[in-house]
*Asks:* 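Quick one: structure below, then a few questions.
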Amino acid sequence: MDFQENEKRSLNFIESIIEEDLQVNKNQGRVHLRFPPEPNGYLHIGHAKSICLNFGLANEYNGLCNLRFDDTNPEKEDVEYVDSIMEDISWLGFDWDGDPKYASDYFQQLYDWSVQLIKEGKAYVDEQPQELISEQRGVPTRPGIDSPYRNRPVEESLDLFERMKNGEFSTGDMILRSKIDMSSPNMHMRDPIMYRILHQTHHRTGDDWCIYPMYDWAHGQSDFIEGITHSVCTLEFEIHRPLYDWALDQIVEGDYRPRQIEFARLNLSYTVMSKRKLLELVKDNHVNGWDDPRMPTISGFRRRGYTPESIRNFADRIGVAKRDNVIDVSLLEFSVREHLNQIAPRALAVLDPIKVVITNYPESKVEELELANNQNDENAGTRIVPFTRELYIERDDFMEDPPKKFFRLGPEREVRLVGAYIIKCEDFKKDAEGNITEVYCTYDPDTKSGGAGAKRKVKGTIHWVSAEKAVDAEVRLYDRLFVDEDPDGHKDKNFKEFLNPDSLKVLQNCKIEPAFSTVKPGDKLQFQRLGYFCVDKDSSHNKLVINRTVPLRDSWSKRK
RNA sequence: UGUCCGAUGGUGUAAUGGCAGCACUGCAGAUUUUGAUUCUGCCUGUCAAGGUUCGAAUCCUUGUCGGACAACCA
């Protein structure tokens with residue numbers, strides 16, 4: 001903690017609850033959380049919030065946090081997702097307590113508890129078709145009506161339930177229902193379904209089971225089995241809480257009892273967050289897979305060049321509360337820049353090159369200039385950058401007819417090449433379309449960085465690379481995936497109508513200073529004056545592929 | 001015309017009956033061999049009305065607005 005000991009930090013509402021529980025020694029003073037994803041998709045930044053919350057709370061209160069896969073619906077789940085979820089959590093920097101847990105580990109116990117409930121007259125097998133059951137359930141403003149099977153003899157339900165388990169019936173033939181209250185204003189209490197028949201191979205239990213418990217008849221029990229004290233979930237489960245508590249009422253003996261606490265999920269501007277929609281983007285090839293750097297998935301951010309630290313800091317900054325929220329992406333971008341600014345070595349790279357010839361510089365001369373890897377951090381060391389007669393500079397850094405306040409190169413203008421000399425533009429060449437093809441300059445030998453005449457000031461400093469020594473790279477420039485702040489918030493328009501057609505620009509002819517020719521996938525760099533970049537896994541030994549994580553803040557382009 | 005939840009600057013989030021603070025964004029300025037970073041300053045807020053109180057963002061009442069809920073999904 002960077003704070004002084006005596007300065008009391010304000011608590012979020014979940015921390016307050018935990019501290020109150022600790023005061024009265026609830027659950028023997030244990031704090032045990034869990035992160036319970038269903039393995040049916042890749043984790044996104046919203047899950048990251050939940051992960052940071054749960055694991056963070058465990059660290060803060062000397063407690064534990066489990067990883068539990070909520071794998072009660074084999075139709076949608078797969079080991080591919082299990083693996084990616086574990087990878088993402090580890091990458092974020094968290095360790096779960098013991099082995100990963102699975103709701104499917106508890107299938108037998110859940111079954112036994114169901115049998116007990118039937119015996120107590122609190123559950124029954126319903127044989128009606130789905131539509132009828134749904135119709136009888138009524139609507140929120142009108143009570144439902146009882147199923148004709150609601151009061152069937154216990155023995156009958158017991159027999160049927162066992163035969164359901166034994167596979168004597170087909171998928172959808174019958175269900176096990178709990179008997180609660182068909183007129184409850186809370187729809188979830190109107191005899192909710194506990195078990196359904198699903199002849200479907202499960203990614204872990206194979207064909208051992210053909211009946212699977214529903215969320216509401218698995219989650220509270222799983223929490224209880226694992227000794228979870230604070231079961232933190234998102235707001236949409238708030239209305240399930242009475243059912244969560246009802247389920248616990250059926251099995252809890254003694255003092256220990258888990259408590260469900262709901263918080264508002266993260267929404268981020270300019271993106272969508274639901275697994276269904278993200279899956280749609282992947283399937284329809286609007287992006288190149290779950291880890292496409294434009295995706296709000298954890299794997300997407302990782303490939304984009306975000307660091308675990310930056311995401312954890314982001315999660316801290318957004319806070320935890322119960323009101324709906326939309327976080328501006330600029331806060332996320334601030335968080336990566338903040339971290340990358342500290343750790344990313346500076347490099348010179350020209351993305352859209354035009355050639356500059358220093359006419360008074362010797363043809364074959366190569367000067368080895370020593371440049372700081374990070375001007376703000378002496379410990380970052382230095383590197384050698386070759387300077388030659390022919391260079392590349394950024395196309396944006398030259399204007400034939402520059403406006404006021406343009407501090408870069410133009411006819412008769414002077415500019416400093418970062419870490420090298422002041423040069424003056426004497427002439428330039430254009431092609432038939434009027435594009436600048438070459439710029440001719442002279443350099444002032446007295447102005448070499450660190451040298452005697454280096455103190456001379458010019459308005460602008462621009463980046464450059466040696467044309468002869470630079471290495472080639474493909475650079476992928478990413479922009480926000482959607483052009484609308486809330487692509488999902490339009491009643492009559494599909495979110496895909498707001499896809500940004502320019503969310504990816506691939507530049508093939510980029511030039512990078514040779515010191516960085518040996519970088520490896522995942523390495524982070526700051527291309528000076530351009531932004532933060534990272535090496536993509538598509539790179540090979542003869543071709544560098546580089547992603548732009550985020551541009552530098554740029555008060556010049558805003559001004560234009 | 002149900003039940004539950006929520007409402008503090010542009011966006012988030014604090015203040016737990018006692019000075020409405022912090023961060024991001026935006027805008028100015030200083031420094032700068034990155035138009036970056038850093039530093040300084042500024043803008044902008046308690047949904048409404050009534051009540052309780054010496055004192056209300058906070059407690060009470062009513063209203064308004066927003067969200068969630070009617071899957072054999074989680």
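Labels below follow one simple rule: chain letters A, B, ... track the order of the sequence lines, proteins then strands, and each chain is numbered from 1.
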*Asks:* Please measure how far the C1' atom in A30(B) lies from the corresponding atom in A23(B), and state the result in whole Å.
*Replies:* 23 Å
*Asks:* For Gly41(A), which contact category applies under a 4.0 Å heavy-atom criterion: base, sugar-phosphate, or nothing?
*Replies:* nothing
*Asks:* When the P atoms of C27(B) and A68(B) are considered, how many whole Å apart are they?
*Replies:* 34 Å
*Asks:* Check this for me: does any side-chain nitrogen of one of Asp105(A) and Arg204(A) sit under 4.0 Å from a carboxylate oxygen of the other?
*Replies:* yes
*Asks:* Would you indicate, yes or no, if G35(B) has its OP1 or OP2 atom less than 4.0 angstrom from a side-chain nitrogen or oxygen of Arg408(A)?
*Replies:* no
*Asks:* What nucleic acid atoms does Phe527(A) come within less than 4.0 Å of, heavy atoms only: base, sugar-phosphate, or nothing?
*Replies:* nothing
*Asks:* Can you tell me how far C1' of U3(B) sits from CE of Met189(A), to the nearest Å?
*Replies:* 12 Å
*Asks:* If you check the Ser10(A) side chain, which of A74(B), A14(B), U33(B) turns out closest?
*Replies:* A14(B)
*Asks:* Mind checking whether Tyr111(A) and Tyr195(A) have parallel, tilted or perpendicular rings, split at 30° and 60°?
*Replies:* perpendicular
*Asks:* I'd like the C1' distance from G9(B) over to U1(B), given in whole Å.
*Replies:* 35 Å
*Asks:* For residues Ser231(A) and Asp223(A), is any side-chain donor paired with an opposing acceptor at under 3.5 Å?
*Replies:* yes
*Asks:* Rounded to whole angstrom, note down the C1' distance from C24(B) over to A57(B).
*Replies:* 22 Å
*Asks:* Looking only at N and O atoms, is any donor in the side chain of Arg323(A) or the base of U8(B) less than 3.5 Å from an acceptor on the other one?
*Replies:* yes
*Asks:* Regarding U33(B), can its base be found pairing with the side chain of Arg416(A) as donor and acceptor, where the two atoms are less than 3.5 Å apart?
*Replies:* yes
*Asks:* Given U16(B), U33(B), C73(B), which nucleotide is nearest the side-chain atoms of Met214(A)?
*Replies:* C73(B)
*Asks:* What's the closest nucleotide to the side chain of Glu38(A) if the choices are A74(B), C72(B), C24(B)?
*Replies:* A74(B)
*Asks:* Identify which nucleotide among A70(B), G12(B), U3(B) has an atom closest to any side-chain atom of Ile327(A), counting heavy atoms from C-beta outward.
*Replies:* G12(B)
*Asks:* In this structure, which one of Asp316(A), Leu33(A), Ile14(A) forms a side-chain contact (heavy atoms from CB on, under 4.5 Å) with Leu53(A)?
*Replies:* Ile14(A)
*Asks:* Quick one: does Gln375(A) reach the base of U32(B) with a side-chain donor-acceptor pair under 3.5 Å?
*Replies:* no
*Asks:* Grab the CD1-P distance between Ile14(A) and U16(B) for me, whole Å please.
*Replies:* 20 Å
*Asks:* Looking only at atom P, what distance separates U13(B) and U64(B), rounded to whole Å?
*Replies:* 25 Å
*Asks:* Please state how far atom CG in Asp316(A) lies from atom P in A23(B), giving the value in whole angstrom units.
*Replies:* 15 Å
*Asks:* Looking at the side chain of Thr461(A), which of A36(B), A70(B), U34(B) is the nearest nucleotide?
*Replies:* U34(B)
*Asks:* Starting the side chain at C-beta, find the nucleotide from C69(B), G12(B), U11(B) nearest to Asn325(A).
*Replies:* G12(B)
*Asks:* So does Lys405(A) get a side-chain nitrogen or oxygen closer than 4.0 Å to the phosphate oxygens (OP1/OP2) of G35(B)?
*Replies:* no
*Asks:* Between Leu43(A) and Ile51(A), is there a side-chain heavy-atom distance shorter than 4.5 Å?
*Replies:* yes
*Asks:* Expressed in angstrom and rounded to an integer, what is the separation of Asp554(A) atom CG from U25(B) atom P?
*Replies:* 14 Å
*Asks:* Do Tyr244(A) and His240(A) have their ring centres less than 6.0 Å from each other?
*Replies:* no
*Asks:* Check the phosphate of G35(B) against Ser557(A), side-chain N and O only, distance under 4.0 Å to OP1 or OP2. Yes or no?
*Replies:* no
*Asks:* Between Tyr124(A) and Tyr149(A), is the ring centre distance below 6.0 Å?
*Replies:* no
*Asks:* G12(B) phosphate, OP1 or OP2: any side-chain N/O from Arg317(A) under 4.0 angstrom?
*Replies:* no
*Asks:* Taking 4.0 angstrom as the limit, do Asp191(A) and Lys179(A) come out as a salt bridge?
*Replies:* no
*Asks:* State which of C24(B), A71(B), U33(B) makes the closest approach to the side chain of Ser134(A).
*Replies:* A71(B)
*Asks:* G6(B) P sits how many Å from Arg265(A) CZ, rounded?
*Replies:* 18 Å
*Asks:* Contact between Trp217(A) and Ile193(A) at the side-chain level, heavy atoms closer than 4.5 Å - yes or no?
*Replies:* no
*Asks:* Is the Phe301(A) ring parallel, tilted or perpendicular to the Tyr306(A) ring (thresholds 30°, 60°)?
*Replies:* perpendicular
*Asks:* Could you pick out which residue, Phe334(A) or His240(A), lies toward the 5' side of RNA chain B when each is mapped onto its nearest nucleotide?
*Replies:* Phe334(A)
*Asks:* Let's test your reading of the model: under 3.5 Å, does the base of U37(B) pair with the side chain of Arg337(A) as donor and acceptor?
*Replies:* no
*Asks:* So what does Thr72(A) touch, heavy atoms closer than 4.0 Å: a base, only the sugar-phosphate, or nothing?
*Replies:* sugar-phosphate
*Asks:* Determine the contact category for Leu331(A): base if any of its heavy atoms lies under 4.0 Å from a base atom, sugar-phosphate if only primed atoms, P, OP1 or OP2 are that close, otherwise nothing.
*Replies:* sugar-phosphate
*Asks:* Check for me: is Trp556(A) stacked on G35(B) by the 5.5 Å centroid and 30° plane-angle rule?
*Replies:* yes
*Asks:* More 5' along RNA chain B: Lys455(A) or Asn12(A), using each one's nearest nucleotide?
*Replies:* Asn12(A)
*Asks:* Would you say A36(B) has OP1 or OP2 under 4.0 Å from some side-chain N or O of Ser555(A)?
*Replies:* yes
*Asks:* I want to verify a distance call: between U33(B), G2(B), C72(B), whose nearest atom is closest to the Pro140(A) side chain?
*Replies:* G2(B)
*Asks:* When you check the side-chain N and O atoms of Glu262(A) and Gln260(A), is any donor under 3.5 Å from an acceptor?
*Replies:* yes
*Asks:* Could you tell me whether Ala454(A) contacts a base, only the sugar-phosphate backbone, or nothing, with contacts defined as non-hydrogen atoms closer than 4.0 Å?
*Replies:* base
*Asks:* Using a heavy-atom cut-off of 4.0 Å across all strands, would you classify Lys76(A) as base, sugar-phosphate, or nothing?
*Replies:* base
*Asks:* Given A74(B), is OP1 or OP2 found less than 4.0 Å from the side-chain N or O atoms of Arg196(A)?
*Replies:* yes
*Asks:* What integer number of Å spans the C1' atoms of U58(B) and U16(B)?
*Replies:* 8 Å
*Asks:* Looking only at side-chain atoms of Asn341(A), point me to the closest of U37(B), C72(B), U11(B).
*Replies:* U37(B)
*Asks:* With sugar-phosphate meaning primed atoms plus P, OP1 and OP2, does Tyr421(A) contact a base, only sugar-phosphate, or nothing at under 4.0 Å between heavy atoms?
*Replies:* nothing
*Asks:* Looking for any heavy atom pair under 4.0 Å, which part of the strands does Gln130(A) touch: base, sugar-phosphate only, or nothing?
*Replies:* base
*Asks:* Using atom P in both nucleotides, what's the gap between C59(B) and A15(B) to the nearest angstrom?
*Replies:* 12 Å
*Asks:* Leu525(A) has an atom CG; how far is it from atom P of U34(B), in whole Å?
*Replies:* 18 Å
*Asks:* Rounded to whole Å, please give me the gap between CD1 in Ile193(A) and C1' in A70(B).
*Replies:* 12 Å
*Asks:* So, do Phe482(A) and Tyr270(A) have ring centers that fall under 6.0 Å from each other?
*Replies:* no
*Asks:* Mind checking the C1' distance from U46(B) to U3(B)? Whole angstroms is fine.
*Replies:* 28 Å
*Asks:* Looking at A36(B), A14(B), U3(B), which one has an atom nearest to any side-chain atom of Asn376(A)?
*Replies:* A36(B)
*Asks:* Can you give the dot-bracket line for RNA chain B, using ( ) for pairs inside the strand, [ ] for pairs that cross earlier ones, | for pairs with another strand and . for unpaired bases, where Watson-Crick and G-U count if both distances are under 3.5 Å?
*Replies:* .((((((..((((....[..)))).(((((.......)))))....(((((..]....))))))))))).....
*Asks:* To the nearest Å, give me how far apart CZ (Phe237(A)) and P (G6(B)) are.
*Replies:* 18 Å
